[in-house]
Amino acid sequence: MVIDIHNHFFPAAWPDLAERYGTPNWPSIKHTEPGKADIMVGERFFRHVYSACWEPEVRLQEMDRDGVETQIISATPVLFAYDRPREHALDCARLFNDAALELCSRGRGRLKSLCQVPLQDIDAACKELTRCMKAGHLGVQIGNHVGEKNLDDPGIVTFLQHCADEGAAVLVHPWDMMGQARMPKYMMPWTVGMPAETQLGIVALIVSGAFDKLPERLRICFAHGGGSFAFLLGRLENAWHRHPVAHGACQFPPSHYINRFSVDSAVFDQHALQYLVTTMGADQVMLGSDYPFPLGEERVGSLIRDSRLSPQEKTKLLGGNAQRFLALAGADDDHEKTSAATAGPTGGPGPQHPEQLTYSSYLKIPELLELQQPQSSPQHHDELLFIVVHQTYELWFKELLHDLDGVVANLKAAGANPASRDEVYEAARLLRRCTEITRVLVEQFTILETMLPTHFLAFRDKLEPASGFQSEQFRELEFLCGLKDEKMLRYHKPTPEAHAQLGRRLREPSLHDVFFDALRALGKLAALPENATERERFEARARAVQSLYQDDRHYRDWIDVCERLTEFDELVVSWRLRHIQMVERTIGVNMGTGGSAGASYLKLTLEKKFFPELWEARTLLMK
Ligand code: HEM
């Protein structure tokens with residue numbers, strides 16, 4: 001299914017709008033020769049157009065030529081009339097909305113439409129949208145501003161909420177470009193002004209916090225690849241983090257919101273398309289051509305088809321994402337179910353036939369398989385293995401954090417109620433899982449060791465300065481277990497969310513803290529004087545453990561927890577050791593991509609233990 005979501009039409013004729021409304025400078029069409037016409041604005045020439053604009057048969061032939069199955073047509077922004085009186089803009093919208101449906105009715109089911117609304121009057125805009133959705137439009141095309149109002153204007157946000165409620169797809173098109181006095185020539189309003197307008201529209205919605213207020217089921221797409229947004233996201237992000245005034249009212253950094261909107265593919269350059277997909281994700285980019293205008297894609301879809309995107313990504317961009325965006329029957333992913341599940345009481349049509357959960361949709365297999373993106377070019381065979389192994393480690397780290405959080409919760413509960421044994425058993429059970437996972441993690445390095453050092457060197461320079469130092473979850477595991485080292489936060493400066501999460505872990509009680517708090521509650525660990533040294537405290541904790549082991553008739557369950565914690569500690573050291581061996585085998589004693597001395601640095605970490613008191617207790621038991 002190939003769907004072009006951004007292309008335009010003009011009817012073959014329409015009433016004389018200047019005469020109808022008694023005001024000058026309305027768009028009109030002047031047929032110049034068979035199949036050709038000029039669009040005029042008042043007396044001013046605006047654009048040459050040809051019969052594909054108004055003749056479905058011509059469109060369908062060109063769609064067949066280009067392998068496009070469905071076009072979603074919309075009127076042209078020059079017809080928006082946002083600066084006209086409400087009644088005129090509404091009447092004009094109705095004329096062209098009905099003309100669009102008439103054109104679609106002759107499109108043999110392959111033409112669908114987006115309506116336009118008088119966005120200067122929110123009530124009228126909402127009513128016209130509702131009328132149009134009932135009449136068969138799939139959504140609405142709006143301009144990126146109404147006079148001085150950007151998309152974050154409360155009225156426009158209300159309209160977008162209404163679109164979400166109606167289940168209407170929204171295509172935002174730049175128009176009425178800024179700075180035209182300085183761009184009188186060379187089509188600069190189109191080449192410079194339009195991308196800037198679109199950037200402005202997206203940024204306004206993000207930093208104003210509008211996306212925080214609008215429901216996630218809102219389906220909104222920005223034309224022309226989102227203008228300059230993707231390329232300048234880094235700049236926006238930098239400003240957001242470094243200048244409080246750039247924060248606006250959004251809850252999260254700007255990049256957090258990129259899954260809240262889509263963009264079309266009208267960027268006309270392979271590198272730009274690749275970059276767009278990398279930035280926005282393959283689920284957020286859809287075929288849009290600007291057909292049949294002079295700046296449109298000449299062979300619709302060729303940019304995507306000729307790209308180096310994977311077959312799955314191409315399928316998404318060419319039509320899969322549009323099916324979802326337009327809520328067409330057959331849309332094949334679970335975003336639809338999310339929107340159905342989150343639809344409010346006034347919720348729109350949503351999916352007509354809620355899909356059954358499948359193996360693939362439950363486990364998000366397509367999304368998972370999109371996540372391996374080698375950097376080497378041409379792609380080195382072993383880079384995929386390198387990525388898959390790291391990702392697998394990170395998934396298991398995630399599970400470990402989840403289970404260790406469970407252990408902490410159970411030990412806290414055990415401390416709060418020392419008479420109850422259930423939580424102690426549950427903590428031991430979860431710890432057993434943690435040790436089994438870690439055992440697998442130790443073994444996994446052998447797979448990576450099938451990669452020759454030379455193979456790794458072939459793509460290693462692509463990794464810098466990324467490094468295992470930046471594994472947020474590994475550091476979280478260390479902090480959660482009790483090895484807290486604030487200095488390690490410096491490696492997470494480039495990823496503020498990770499930095500903040502690690503900061504939270506630093507402040508929260510660790511597994512080590514909670515375990516000994518529970519022993520205190522059990523009466524095994526006496527309070528020490530304020531001025532007790534760290535060594536004295538350590539010895540007291542070790543003696544508390546020793547006393548558990550010496551009374552195994554009463555504390556079998558607690559001893560089991562101690563054994564599991566010891567085993568976990570032991571296995572993490574094994575992990576460190578195997579990592580070092582693999583590092584030496586791969587890069588010898590060279591420096592790491594994170595700037596450390598490599599293996600010799602890592603060897604220092606072998607001394608680290610989460611629960612040294614559990615080991616000390618063994619020495620005490622022999623005395
Ligand atoms: C060819 C494979 C690998 C090499 C050459 C390698 C090399 C290194 C080096 C040299 C360091 C020290 C920091 C630096 O300077 O970058 C490091 C740290 C680290 N690596 Fe690897 N690594 C490899 C695979 C892995 C894998 C598969 C994982 C799994 C998650 C991993 C996780 C880590 C972690 C968590 C650290 C931080 C350790 C700490 O600070 O205690 N590495 N790695």
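Remember, it's 1-based here, ligands and their atoms both numbered in the order they're listed. Keep in mind that what you see is a predicted model, and the values were worked out from it rather than measured.
- When each of L287, V277, L276 is checked for a side chain to side chain contact (heavy atoms under 4.5 Å, CB included) with S265, only L287 meets the rule.
- At a cut-off of 2.8 Å, measuring from atom 21 (Fe) of ligand 1, the protein N, O or S atoms that fall short of it are H579 NE2, waters left aside.
- Ionic pairing of R576 and E478 is present here: one or more N-O contacts between side-chain nitrogen and carboxylate oxygen are shorter than 4.0 angstrom.
- Applying the 4.0 Å criterion to heavy atoms of Y601 picks out, from ligand 1, the atoms 40 (O).
- In summary, E436 and R433 do not engage in a salt bridge, as defined by a charged side-chain N under 4.0 Å from a carboxylate O.
- For ligand 1, the atoms lying closer than 4.0 Å to a non-hydrogen atom of L448 are 2 (C), 27 (C).
- Closest to atom 30 (C) of ligand 1 among all protein heavy atoms lies Y393 CB, 3.5 Å.
- Below 4.0 Å from some heavy atom of F386 lie the following atoms of ligand 1, by number and element: 1 (C), 2 (C).
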Please assess V442 against L577 for the test side-chain contact (heavy atoms from CB on, under 4.5 Å), listing each intermediate value before the final yes or no. CA-CA 9 Å; V442 175; L577 181 64; over 6 Å; no
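- By the 30° and 60° cut-offs, the orientation of the rings of F386 relative to H390 is tilted.
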Please tabulate, for the side chains in residues 452-463, all donor-acceptor contacts under 3.5 angstrom to protein atoms that are two or more places apart in sequence or on a different chain.
{"from": "H455", "atom 1": "ND1", "to": "D382", "atom 2": "OD2", "distance (Å)": "3.2"}
{"from": "R460", "atom 1": "NH2", "to": "M591", "atom 2": "O", "distance (Å)": "2.7"}

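- Applying the ring-ring contact (aromatic ring centres under 6.0 Å, His included) test to every pair with at least one member in residues 514-558, sequence neighbours left out, gives these pairs: H512-F516.
- For atom 35 (C) of ligand 1, the closest non-hydrogen atom of the protein is F474 CG, 3.3 Å.
- The protein non-hydrogen atom at the shortest distance from atom 26 (C) of ligand 1 is H390 NE2, 3.2 Å.
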Checking T495 against E472 for the side-chain hydrogen bond (donor to acceptor under 3.5 Å, both in side chains) test, could you report, in this order, the C-alpha distance in whole Å, the side-chain angles of both residues, the deciding distance, and whether it holds? CA-CA 9 Å; T495 45; E472 174 203 345; over 6 Å; no
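- In this structure, of K608, R475, M488, the residue bringing a heavy atom nearest to atom 40 (O) of ligand 1 is R475.
- Partners of N238 by side chain to side chain contact (heavy atoms under 4.5 Å, CB included), not counting sequence neighbours, listed by chain and number: R242.
- Distances shorter than 4.0 angstrom occur between a heavy atom of W575 and an atom of ligand 1.
- Nearest non-hydrogen protein atom to atom 5 (C) of ligand 1 is F456 CE2, 3.8 Å.
- Distances below 4.0 Å separate heavy atoms of G598 from the following atoms of ligand 1: 10 (C).
- In this structure, F261 and F222 have perpendicular ring planes: the angle between them is above 60°, well past the 30° mark.
- Considering backbone and side-chain N/O of M451, none are found under 3.5 Å from N/O of ligand 1.
- Applying the side chain to side chain donor-acceptor pair (under 3.5 Å) test between Q581 and each of R578, E584, H579, R585 identifies R578 as the sole match.
- Which parts of ligand 1 touch G595 is read off a 4.0 Å heavy-atom cut-off, strictly below it: atoms 15 (O).
- Counting atoms of ligand 1 from 1 in the listed order, those under 4.0 Å from a heavy atom of R576 are 41 (O).
- Ion pairing between a basic and an acidic side chain is recognised when a charged N comes within 4.0 Å of a carboxylate O; R535 and E539 show such pairing.
- The closest approach between M582 and ligand 1 falls below 4.0 Å for a heavy atom of the residue.
- Protein heavy atom nearest atom 12 (C) of ligand 1, with residue, atom name and distance: S596 OG, 3.3 Å.
- Under 4.0 Å is where a charged nitrogen must lie from a carboxylate oxygen, and between E536 and R543 no such pair does.
- Listed by number with element, the atoms of ligand 1 under 4.0 angstrom from any heavy atom of T586 are 1 (C).
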Residue pair Y601, F469: steps toward the ring-ring contact (aromatic ring centres under 6.0 Å, His included) verdict: CA-CA 12 Å; Y601 158 78; F469 270 159; 5.4 Å; yes
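- Within ligand 1, counting atoms from 1 as listed, the ones closer than 4.0 Å to a heavy atom of T605 are 41 (O).
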